[in-house]
Amino acid sequence: MDSIETVLFTFLISISLILILCLSSYIRFMAKLKNCQEDLDD
Amino acid sequence: MIRKNRLNKIYLIVFFLLSVGLIAFFILRALEKNIDLYLTPSDVKATDFNQLDDFKLGGMVKAGSLKKLGGLEISFIVTDFKSEMLVIYEGVLPNLFKENSGVVATGSLSAEQNQFIATEILAKHDENYMPVKIEVQN
Amino acid sequence: MYKYVAKYFIPSKVYKFCSLTAMPAFIIGMIIFLLSSYFVIYSLPADVEQQEIYRILFIHVPSAILSELIYLFLAVNGFIYLVWRTKISAIFLNSAISIGLVFTAIVLISGSIWGKPTWGTYWVWDARITSTFILLIQYIGLIALRSSFSSKQTTDQILSIVSIIGAVNIPIIKFSVDWWNTLHQNASITTSGSAIDTEMLIGLPLMLGSLLLISFSIFARNIQFEILARTGKTTAMREIING
């Protein structure tokens, strides 16, 4: 890998980690919301 | 106004934090030996060294002191602008290793204690960042 | 003062604010991130000493700033929670931990990739790297603690105490390069000015801003989750979900 590719690779790893956290937080919240709404409907 | 019992809690936490800070300070003093700190040439001259012990030597590569000894072997002088020490090294060098630039070498003193036989060389770069400028001719 | 601040931090209001802002913050944050990444990787000039590889700075430094700021945020919220017993501080504390962990991981990974071509090594137990590694362990510890107790209240108190104690490490990370003879270079940006050329410097606030926005969107979703998880009564829950 040349220097620019290494830099690009570093940015890609970083944003992927952040996006994984985004997704897992979102999924966790949506699951909880669905759960609560079902409880309310009962 | 902050209520009396809350104020007491704040004092308690601040006192607690100060004691933790103090404890951390002493733990750090004790752990200093376990992290990779380097010694300057002056430090090395000031301490009585067993030449078998490995340690790190850091400073600037003195301008004009870098010499090729044949093959991959090189020698250069590390300076902290007060003391100097000759370093012998054989192996691959990091890209940023050059004269007038920072270096941290791992190794030990030679039997005569006058030169440092390095087994690893790391380049210590500075905090300055300057753009590459295309020379403009006028 | 307390009652003026408190009225903005009622869970239902915070929940509403978060549900309105999370998505826009994420989208704007991502757009700025992509544009400024392109800008710092392809448009900014190379560095005299390090050539192209110095560009890692633009992800490394903002992540480092965030990893430390988020920890201070945890400690401040822990402090407020312990003194005033405000539930919202505990919610904030719980919601920010995972974001801090990710940024600390990014600092160590990007620093490692940067270290090989410049210093000549991926890893060295120097003062800055060791103290940052301890910060990573602190975040992991907080996440482990979060699921170790059955009662929410106990968990919040323990998390507050631990995060306050751990804040001692933040000045150590900050000043490690000044206190010890260590491989990591000193701070480029200090009160006396910047050692990064002004032409390159613009990349830092751009990247930091975009990462802040994205972090906020994660933070907002975590807050919403925590509020739902802590609301017991049906009437209160209905009020929160239906706005």
Side-chain angles (χ1 to χ4, degrees), chain B residues 1-3 5-14 16-25 27-29 31-32 34-40 43 56-59 80 91-98 101-106 120-134, chain C residues 1-2 44-55 57 75 78-79 82-85 115-121 123-131 160-161 164-169 171-172 176-177 179-190 194-201:
Chain B
M1 273 303 288
I2 297 175
R3 279 213 306 259
N5 61 341
R6 282 187 182 143
L7 209 58
N8 285 341
K9 249 186 220 168
I10 294 176
Y11 289 145
L12 189 70
I13 293 173
V14 169
F16 189 57
L17 201 58
L18 286 177
S19 9
V20 171
L22 203 65
I23 294 168
F25 174 75
I27 293 178
L28 282 172
R29 291 298 297 270
L31 289 181
E32 263 178 6
N34 295 341
I35 55 176
D36 288 340
L37 303 176
Y38 62 79
L39 300 170
T40 60
D43 293 335
K56 282 182 194 272
L57 174 74
D80 58 2
V92 199
L93 290 164
N95 291 342
L96 289 184
F97 175 83
K98 57 177 185 291
S101 186
V103 67
V104 175
T106 311
E120 187 190 33
I121 296 276
L122 298 178
K124 177 176 162 64
H125 61 79
D126 60 19
E127 64 275 25
N128 298 309
Y129 297 90
M130 287 292 284
V132 175
K133 284 262 164 37
I134 299 153
Chain C
M1 202 201 83
Y2 178 77
L44 282 183
D47 176 56
V48 171
E49 293 286 321
Q50 301 187 30
Q51 264 80 48
E52 306 292 346
I53 200 75
Y54 95 97
R55 297 173 198 277
L57 174 125
F79 177 78
L82 287 183
V83 176
W84 283 276
R85 293 273 166 238
K116 186 66 187 170
T118 51
W119 296 341
T121 180
W123 191 271
V124 52
W125 291 103
D126 104 321
R128 180 53 79 74
I129 304 174
T130 308
S131 51
S160 302
I161 295 170
I164 291 172
I165 298 173
V168 169
N169 193 18
I172 295 176
S176 56
V177 287
W179 291 343
W180 289 289
N181 285 336
T182 203
L183 184 64
H184 195 287
Q185 68 275 21
N186 291 3
S188 291
I189 298 163
T190 57
S194 165
I196 302 175
D197 193 82
T198 27
E199 195 182 342
M200 298 158 155
L201 195 62

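Naming convention: chains lettered A, B, ... in sequence-line order (proteins, then strands); numbering from 1 in each chain. Small disclaimer: the values here were computed from a predicted structure and weren't measured.
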Inset, instruction - Work out which heavy atom in Glu49(C) is nearest to a heavy atom in Leu96(B); give both atom names and the distance. - result: O-CD2, 3.2 Å
Inset, instruction - Spell out, as yes or no, whether a donor-acceptor pair under 3.5 Å connects the side chain of Ser19(B) to the backbone of Phe16(B). - result: yes
Inset, instruction - Under 4.5 Å heavy-atom distance to chain C, tell me which part of Asn128(B) shows up: side chain, backbone, both or neither. - result: both
Legend entry - Heavy-atom pair count under 4.5 Å with chain C, highest-scoring of Thr40(B), Ile13(B), Val104(B): Ile13(B)
Legend entry - Rounded distance (nearest 0.5 Å) linking atom CG of Leu37(B) with atom CG of Leu183(C): 11.0 Å
Inset, instruction - Answer with side chain, backbone, both or neither: which region of Phe97(B) has an atom nearer than 4.5 Å to a non-hydrogen atom of chain C? - result: neither
Inset, instruction - Measure from the side-chain N and O atoms of Asp126(C) to the backbone N and O of Thr182(C), and report whether any donor-acceptor pair falls under 3.5 Å. - result: no
Inset, instruction - Check whether any side-chain N or O of Asp126(B) sits under 3.5 Å from a backbone N or O of Gly102(B) as a donor-acceptor pair, and report yes or no. - result: no
Inset, instruction - Answer with yes or no whether the side chains of His125(B) and Gln50(C) bring together a donor and an acceptor at under 3.5 Å. - result: yes
Inset, instruction - Give the member of Tyr54(C), Trp179(C), Phe79(C) that has the highest number of heavy-atom pairs under 4.5 Å with chain B. - result: Phe79(C)
Legend entry - Ser188(C) side chain vs Ala195(C) backbone, donor-acceptor pair below 3.5 Å: no
Legend entry - Most chain B-contacting option - heavy-atom pairs closer than 4.5 Å, from Val168(C), Leu82(C), Val83(C), Ile196(C): Val83(C)
Legend entry - Donor-acceptor under 3.5 Å (Asp47(C) side chain, Met130(B) main chain): yes
Inset, instruction - With a 4.5 angstrom heavy-atom cut-off, could you sort out which part of Leu93(B) is near chain C: side chain, backbone, both or neither? - result: neither
Inset, instruction - Sort Ile172(C) into side chain, backbone, both or neither according to what part of it lies under 4.5 angstrom from a heavy atom of chain B. - result: side chain
Legend entry - Portion of Ala167(C) that has a non-hydrogen atom of chain B nearer than 4.5 angstrom: neither
Inset, instruction - Answer with side chain, backbone, both or neither: which region of Ile129(C) has an atom nearer than 4.5 Å to a non-hydrogen atom of chain B? - result: neither
Legend entry - Best-contacting candidate, Ile161(C), Ile53(C), Val124(C), against chain B by heavy atom pairs under 4.5 angstrom: Val124(C)
Inset, instruction - Check whether Thr121(C) gets within reach of chain B through its side chain, its backbone, both or neither, counting any heavy atom under 4.5 Å. - result: both
